[in-house]
2 protein chains.
Amino acid sequence: MNNGRFAIALHLLTLLDQAKGELLSSEYLAGSININPVLVRKELSSLRKHGFVQSKEGKNGGSTLAVSAKEITLAAVYNSVKQLSLLGHQKNTPNPKCPVGKDINKHLNNLYNDTEKILIDQLNKKTLADFSQQFE
Amino acid sequence: MNNGRFAIALHLLTLLDQAKGELLSSEYLAGSININPVLVRKELSSLRKHGFVQSKEGKNGGSTLAVSAKEITLAAVYNSVKQLSLLGHQKNTPNPKCPVGKDINKHLNNLYNDTEKILIDQLNKKTLADFSQQFE
DNA sequence: CATTCTGTAATTATTTTTATTACAGTACAA
DNA sequence: TTGTACTGTAATAAAAATAATTACAGAATG
């Protein structure tokens, strides 16, 4: 992976799970993670699109899990936040005149994909419920 | 992982392997990767400290592999460039007054470590020789 | 002893990430 | 029916991380 979004997403989902259906505001969530509420709302927006979370607008609004924590695998969370490949990223623009440079991105990508597959298999074994349980 | 250093390191090592003992200059290496020679020299410095590479100073100097490509696992390369944990990083300073915030870093770290172990197992199965062979 | 390299520090530029500001829209509740 | 407390989102600014550049001392060669 590449970014702190995974940590934020998992933190959010854990808080929501612990709240057992009670609506939590982005202000409150941001306070626990200690980041800006707008970032929280952005991440919630992504989690919503992935079906993990539902939110209610307006006064007394907030967010809650949309599905049971048992149904959310950590692989699904990983997947929701990832945008780049695992071990690095292709801002690489190697020299196409070099036999190695010419093909390296292809081979790096194969390697990244293979490796990521293994990582996802691993994350598929754990659910949000497993993770959240640790806080009880 | 987190950075493009893995790609740079592997690219360098592949070039050195393909050169079959001939000394390559940082200028030449940088040309293939299409990055700054100083970055190359820094990465070579790290690879040297890890025993993968040796360099010769002065005129007609350059770098070459210090050990056979078969003895360099991709896990060892990964290890040489990693500085942060796999899935994110602890610039997190969650709210210690929140029961989740209080312990999340510990649990995230456990998760990262477990996951990274799997990733390293996977990378241990492949050597630089395997990777480099693809360019022939 | 001039030349061509490495090694490294220091500085600057670029890119990425995060925080902040701003404000429209929604829902509740007095 | 209107003030209040939320969400949603865009735009901007600040901060942090990465990479490039400049500079130069030191090593080996011829």
Side-chain angles (χ1 to χ4, degrees), chain A residues 1-9 11-12 15-16 19 22-50 53-64 66 81-85 87-95, chain B residues 1-9 11-12 15-16 19 22-50 53-64 66 81-85 87-95:
Chain A
M1 244 278 289
N2 54 83
N3 60 33
R5 280 186 59 201
F6 180 81
I8 291 173
H11 196 150
L12 286 173
L15 287 166
L16 296 178
E22 189 192 347
L23 293 175
L24 300 180
S25 74
S26 62
E27 194 83 27
Y28 174 85
L29 294 164
S32 169
I33 308 181
N34 200 23
I35 60 174
N36 194 285
V38 176
L39 235 194
V40 168
R41 297 207 280 265
K42 272 190 192 144
E43 196 56 51
L44 286 173
S45 165
S46 163
L47 293 170
R48 220 178 301 127
K49 278 170 193 149
H50 285 86
V53 162
Q54 59 195 164
S55 305
K56 188 186 165 198
E57 296 189 7
K59 193 169 181 182
N60 302 326
S63 298
T64 185
V81 300
K82 99 177 163 93
Q83 26 194 198
L84 311 171
S85 65
L87 293 140
H89 185 56
Q90 258 54 34
K91 27 189 177 188
N92 296 26
T93 52
N95 188 341
Chain B
M1 243 280 289
N2 54 86
N3 61 33
R5 282 186 58 202
F6 181 82
I8 292 174
H11 196 150
L12 286 173
L15 288 166
L16 296 177
E22 189 192 346
L23 291 175
L24 301 179
S25 74
S26 61
E27 194 83 28
Y28 174 84
L29 294 165
S32 168
I33 309 183
N34 200 25
I35 60 172
N36 195 284
V38 175
L39 235 195
V40 168
R41 297 207 280 268
K42 272 190 191 146
E43 197 55 52
L44 287 172
S45 166
S46 163
L47 292 170
R48 219 178 302 125
K49 278 169 193 152
H50 284 86
V53 162
Q54 59 196 161
S55 306
K56 188 186 165 199
E57 295 189 8
K59 193 172 181 180
N60 302 327
S63 298
T64 186
V81 301
K82 101 177 159 92
Q83 25 193 203
L84 310 173
S85 65
L87 294 140
H89 184 55
Q90 257 55 36
K91 31 186 174 189
N92 295 28
T93 52
N95 187 341

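Proteins get letters first, then strands, A, B, ... in listed order; numbering begins at 1 in each. Everything numeric here is computed off the predicted structure, so don't read it as measured data.
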So, OP1 or OP2 of dG8(D): does either fall under 4.0 Å of a side-chain N or O from Arg48(A)?
yes

Rounded to whole angstrom units, what separation is found between the CD1 atom of Ile33(B) and the P atom of dT18(D)?
18 Å

Rounded to whole Å, CG of Leu39(A) lies from P of dA16(D) at a distance of 14 Å

Euclidean distance, atom CZ of residue Arg5(B) to atom P of dA17(D) [Å, nearest integer]:
15 Å

Would you indicate what Leu44(B) reaches in the nucleic acid, counting non-hydrogen atoms under 4.0 angstrom: base, sugar-phosphate, or nothing?
nothing

For a 4.5 angstrom cut-off between non-hydrogen side-chain atoms, does Leu16(A) reach Leu29(A)?
yes

Measure the distance from NZ on Lys49(B) to P on dG7(C) and round it to the nearest whole Å.
10 Å

Chi angles and distances behind the side-chain contact (heavy atoms from CB on, under 4.5 Å) call for Val38(A), Arg41(A)
CA-CA 5 Å; Val38(A) 176; Arg41(A) 297 207 280 265; 4.0 Å; yes

Over how many whole Å does the gap from Lys42(A) atom NZ to dG8(D) atom C1' extend?
11 Å

Measure from the side chain of Ser26(B), starting at C-beta and using heavy atoms only, and say which of dT7(D), dT6(C), dA19(D) lies closest.
dT6(C)

Quick check: do Ser46(A) and Glu43(A) have side-chain heavy atoms less than 4.5 Å from each other?
yes

Quick one: on DNA chain D, does Gly58(A) or Val38(A) contact a more 5' nucleotide (nearest heavy atom)?
Gly58(A)

Counting heavy atoms from C-beta on, name the nucleotide in dA28(D), dT21(D), dA19(C) closest to the side chain of Lys56(B).
dA28(D)

Tell me which nucleotide among dC6(D), dG7(C), dA20(D) gets nearest to the side chain of Asn36(B).
dA20(D)

Testing the basics here: between Asn95(A) and Gly31(B), what is the closest heavy-atom pair and its distance to 0.1 Å?
CB-O, 3.2 Å

Can you tell me how far P of dG25(C) sits from CD of Glu57(A), to the nearest Å?
11 Å

Round to a whole Å and report the spacing from CD1 of Ile35(B) to P of dA19(D).
8 Å

Indicate, with a heavy-atom threshold strictly under 4.0 Å, whether Asn60(A) touches base, sugar-phosphate, or nothing.
sugar-phosphate

OP1 or OP2 of dT8(C) versus the side-chain N and O atoms of Ser45(B): is any pair under 4.0 Å?
yes

Side-chain donor-acceptor pairs under 3.5 Å in residues 55-64 of chain B, sequence neighbours left out?
unit_1   : atom_1 : unit_2   : atom_2 : d
Ser55(B) : OG     : Arg48(B) : NE     : 3.0
Ser55(B) : OG     : Ser63(B) : OG     : 2.8

Check the distance between dC1(C)'s P and Lys59(B)'s NZ and give it to me in whole angstrom.
16 Å

Gly61(B) vs Arg41(A), nearer the 5' end of DNA chain C by closest nucleotide:
Gly61(B)

